[in-house]
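Below is one structure; the comments refer to it alone.
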Number of protein chains: 2
Amino acid sequence: MVRPSTPVTREAVIDAALRIVEQEGVRQLSMRKLAAELGVAVTAIYWHVGNREALLDALVEREIADATRIRPSGRTPEARLVSIARALRTMLLARPHVIALVNERGLTPLMFLPAQAALASELEAAGLKGERVALAVRAIQYHAIGFVVLERWTERSPEQRPTAAELWREHALAAGVSPRVARDLGEPFAPPQVFEFATRALVRAVLAG
Amino acid sequence: MVRPSTPVTREAVIDAALRIVEQEGVRQLSMRKLAAELGVAVTAIYWHVGNREALLDALVEREIADATRIRPSGRTPEARLVSIARALRTMLLARPHVIALVNERGLTPLMFLPAQAALASELEAAGLKGERVALAVRAIQYHAIGFVVLERWTERSPEQRPTAAELWREHALAAGVSPRVARDLGEPFAPPQVFEFATRALVRAVLAG
DNA sequence: ACCTGAACACCGTTCAAGT
DNA sequence: ACCTGAACACCGTTCAAGT
């Protein structure tokens, strides 16, 4: 993986680090590995970016700059609000490893400001007033972000050892749940479908007051 | 922190590890620190628990065994469903560091089975049928767990550098949001209140179909 | 300005050896 | 059965020294 004579720049270091972080996760990013990949001594990295912490700062800065502005689409308030939540989900799925880093660095408000503003604006346009607006903004925001975080978790985690299906086969009757529902819960589910369903329900309830 | 002559048992190792994990986080759990705390050589730990990974397995096993069964309370379906979500939140807040470990070890279905069963049972009792039941179970489950994960994140993260208040002071007008709402969004919020509001809204919408 | 090698204080883990 | 010390292969980081 050693690139012989290409001059190493700060940008190149950040590029390489970003690649490792996105592909293998933050824990796999070691200064020595990075140096090896760039074909320089470990200490050269330190000259360019300071240290590991500062390197992660630089990653985060770049990712936040890339975060696209949110543009609501649709004609009804419900559709427009759901479209914001959907955009939030898409943005987070495209930046899997960075969210935690952003948060550690205290830049979460900055990152989610566009989405918050869009939600608030739509909710006011839909007629919501007073303290209910901020409450509704946060409810939708937490719902969307929390959902995606869990969704990513489930994707990344290894196969579950007692399968959901196995568990539901054993416990269905004792739990007072019908066979049909027990079977459904034992099967894998499509996150986008659940996200759409839950978001739509939440938005509708929030608009109804 | 050296306990001189007390015999070190497997249980004592797990106890000490659990204390470190809950107080300082998983990353701070090092075999050497653990050994120092117990007053033995590092390698003694290995005799008792195998290795670091196996030690974390043991932690998780104990925590799952401690996870209390969920007992819905309240008279209306809405109240009972909200009470399950609330119990889920309480359980997770009491076990901050363990959720990620449980998930890495593939034991998530096992941990959340009681809550899933309780939700499914209540939703069927409320008259929901067919595929909508499993969909609703997952919507509520993801909502509750996702919310708490974010809530913990926000608590643990350092002070945010551009304050939400500062950001909202600058951007309020450009974003098309009223001064009142901008001020509200610039202030810190009470997670339990938002959780209650969002959960109630979601549950109501799910029950309405 | 940019890079190197040596060194320090940390890790997790293995292994032969002690009682 | 239970514990030790030495050793190995890893970390992040600093520093004096090179061009």
Side-chain angles (χ1 to χ4, degrees), chain A residues 1-62 97-98 100-102 104-105 158, chain B residues 1-62 97-98 100-102 104-105 158:
Chain A
M1 225 25 110
V2 181
R3 261 170 256 164
S5 55
T6 27
V8 177
T9 64
R10 186 185 148 86
E11 289 310 303
V13 173
I14 299 176
D15 282 344
L18 193 56
R19 245 220 23 256
I20 294 178
V21 167
E22 285 301 354
Q23 287 179 9
E24 311 177 35
V26 198
R27 291 198 63 175
Q28 289 300 316
L29 175 71
S30 92
M31 304 299 266
R32 286 176 148 89
K33 187 195 261 181
L34 197 53
E37 189 135 333
L38 289 165
V40 293
V42 204
T43 43
I45 307 290
Y46 283 82
W47 193 91
H48 283 292
V49 296
N51 58 24
R52 192 173 187 272
E53 207 54 24
L55 173 57
L56 291 176
D57 285 348
L59 284 197
V60 163
E61 204 175 329
R62 177 183 293 187
H97 294 292
V98 190
L101 289 178
V102 169
E104 279 171 21
R105 262 137 265 272
Chain B
M1 224 29 108
V2 181
R3 260 170 257 164
S5 56
T6 27
V8 176
T9 64
R10 186 185 148 87
E11 290 308 303
V13 173
I14 299 176
D15 282 344
L18 193 57
R19 244 219 24 252
I20 293 177
V21 168
E22 285 300 353
Q23 287 179 10
E24 310 177 34
V26 197
R27 294 198 61 175
Q28 288 301 315
L29 176 71
S30 93
M31 303 300 264
R32 287 177 148 88
K33 187 196 262 183
L34 197 54
E37 189 136 335
L38 289 165
V40 292
V42 204
T43 42
I45 307 289
Y46 282 83
W47 193 90
H48 283 292
V49 296
N51 59 22
R52 191 173 187 272
E53 207 54 24
L55 173 57
L56 291 176
D57 285 347
L59 284 197
V60 163
E61 204 175 329
R62 178 182 293 186
H97 296 290
V98 190
L101 290 177
V102 168
E104 279 170 22
R105 260 136 266 273

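In what follows, every chain begins at residue 1, and chains take the letters A, B, ... in the order their sequences are listed.
For B:K33 and C:dC11, the NZ to P distance is 8 Å, given to the nearest whole Å. Summarising the geometry, the separation between OH on A:Y46 and P on D:dC11 is reported as 11 Å, rounded to the nearest angstrom. A straight line from CD of B:Q28 to P of C:dC11 spans 9 Å, rounded to a whole angstrom. What separates CD1 of B:I45 from C1' of D:dT4 is a distance of 13 Å, to the nearest Å. Rounding to whole angstrom units, CZ of residue B:R52 and P of D:dA9 are separated by 22 Å. Separating the CG atom of B:L38 from the P atom of D:dT4 is a distance of 11 Å, rounded to the nearest angstrom. One can place CE of B:M31 at 16 Å from C1' of D:dC10, the figure rounded to the nearest angstrom. As rounded to whole Å, 12 Å separates atom C1' of D:dG12 from atom CG of A:L56.
Heavy-atom contacts from other residues, nucleotides or ligands closer than 6.0 Å to CD of A:E11 number more than 12.
Pairing of D:dA17, defined by two Watson-Crick or G-U wobble distances under 3.5 Å, is not identified with any nucleotide. Both distances falling under 3.5 Å, in either a Watson-Crick or a G-U wobble arrangement, place C:dG12 opposite D:dC8.
At least one donor-acceptor pair closer than 3.5 Å links the side chain of A:H48 to the backbone N or O of A:V8. With A:R105 contributing its side chain and A:E61 its backbone, the two residues share no donor-acceptor pair below 3.5 Å.
Which of D:dG12, C:dT13, D:dT13 sits closest to the side chain of A:N51 comes down to D:dT13. The A:V8 side chain lies nearest to C:dC3 when the options are D:dC3, D:dC11, C:dC3.
Minimum heavy-atom separation, A:I14 to A:A58: CD1-CB, 3.6 Å.
A donor N or O paired with an acceptor N or O is found under 3.5 Å between the base of C:dG5 and the side-chain atoms of A:T43.
Residue A:L29 is classed as a sugar-phosphate contact, given heavy-atom separations below 4.0 Å to backbone atoms only. If you check every strand for non-hydrogen atoms under 4.0 Å, A:A41 touches sugar and phosphate atoms only.
Where A:E53 and B:H48 each meet DNA chain D at their nearest nucleotide, the meeting point lying more 5' is that of B:H48. Each of A:R32 and A:W47 was assigned the nucleotide of DNA chain C with the nearest heavy atom; the assignment lying further toward the 5' end belongs to A:W47.
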task = Walk me through it: do B:V13 and B:M31 pass the test side-chain contact (heavy atoms from CB on, under 4.5 Å)?
result = CA-CA 10 Å; B:V13 173; B:M31 303 300 264; over 6 Å; no

